[in-house]
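One structure is given here, and the rest of the page talks about it.
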Amino acid sequence: MAFLDTTYKRKSAVLTAIIAALMVLFLFLFGLKYYDPPLEFGIAVNFGTSDDGSGDVQPAEELMPMQEQVTSTEENIPETQPETAEIESVAEEVVTQDNEDAIAIKKQKEAKLKQDADNKIKLEKERADKAKKDAADKTRKEQEAKKQQLDALMGGLNSKGKATGGEGDGKVAGDKGKTTGDPNAKGYYGSGGDGGGNYRLGNRQAVSKPKPLYECNEEGNVYVSIAVDKGGNVVSAQAGVKGTTNTAPCLLESAKAAALKTKFSPDDTAPAKQIGTIIYNFSLSE
């Protein structure tokens, strides 16, 4: 064919055929539609025979006059309606009464459950307290029995007295100390007695001489340098000065503490700080 003699013409013809086919298909699928029967336009109005009305039942015919309708309605009212209302009232009262009884029963059950739970907790606590008390009594009895056995084996071996108990810082039964010692003293070493010292402060006398505590297994002389005011109070003390034969800390601390508690006679003519010496003799022998 002469009009398709070139490549460009053939391509144009094919493209034109394809576009035409697509347009026909588009018109077939999305073209204008029509309805059978045709759609109605406007707002539908309910069938009726008056300008006003009420109710849910659509009459098929024209209504009778209003007066006749009222009469007909009154004639159709059943005479048993009051009885129905009375039955409903009684039923409501019965239901209410049943609800109240059910609530009361439920409360009683809850109260009983709570009381049972409280009783159970109380009983368990009493059992636990009793078991704890029994265990404590058993432990105490065992300790007392062991103590009695120990006292029988070790206590009172060198004693002829009748007293019981014991006192001391040791690990065996007995009353640690010296027969010449002071029951209120805290020390367990030394020879007992008054534990006095040598007080040197010019012509002034010591009017209060507290004993040094003997708290270690040491002996020797401890010299303490003191300073005393006019009122006789020791205002400073240094233990372990020249002349001391044992510088064990326990002896030095005990001597210093006793020196600071010492009281001398007052002297208004004495220096503000009069220097003196106290010598304490610590001995382990009888």
How long is the straight-line distance from [atom2] of [Y] back to [atom1] of [X], given to the nearest 0.5 Å?
| X | Y | atom1 | atom2 | result |
| --- | --- | --- | --- | --- |
| E219 | Y214 | CD | OH | 6.0 Å |
| K9 | D5 | NZ | CG | 4.0 Å |
| C250 | N217 | SG | CG | 9.0 Å |
| E215 | L251 | CD | CG | 10.5 Å |
| R204 | F264 | CZ | CZ | 8.0 Å |
| I105 | E100 | CD1 | CD | 12.0 Å |

Minimal non-hydrogen separation, G243 against Y223, with atom names: O-CE1, 3.0 Å

Test of understanding: with side-chain hydrogen bond (donor to acceptor under 3.5 Å, both in side chains), list the residues that count as partners of [X], not counting sequence neighbours.
| X | result |
| --- | --- |
| K112 | D116 |
| K273 | none |
| E144 | R140 |

In one Ile/Leu/Val/Met/Phe/Trp/Tyr side-chain cluster, 4.5 Å: [X], [Y]:
| X | Y | answer |
| --- | --- | --- |
| F28 | F26 | yes |
| V207 | V228 | no |
| L284 | L252 | yes |

Single hit among I19, I18, V24 for side-chain contact (heavy atoms from CB on, under 4.5 Å) with L22: I18

K125: partners by salt bridge (charged side-chain N to carboxylate O under 4.0 Å, His left out), with sequence neighbours left out: D129

Residues that K114 engages under salt bridge (charged side-chain N to carboxylate O under 4.0 Å, His left out), provided they are two or more places apart: D118

Check: T262 and I278 side chains under 4.5 Å, non-hydrogen atoms: yes

Close side-chain approach of S254 to Y280, heavy-atom, < 4.5 Å: no

Residues forming a side chain to side chain contact (heavy atoms under 4.5 Å, CB included) with S208, sequence neighbours excluded: P210, K263

Stepwise side chain to side chain contact (heavy atoms under 4.5 Å, CB included) test for I275 and S225: CA-CA 7 Å; I275 304 302; S225 176; 4.2 Å; yes

Criterion side chain to side chain contact (heavy atoms under 4.5 Å, CB included) on T244 and N221, from CA distance to verdict: CA-CA 5 Å; T244 300; N221 296 328; over 6 Å; no

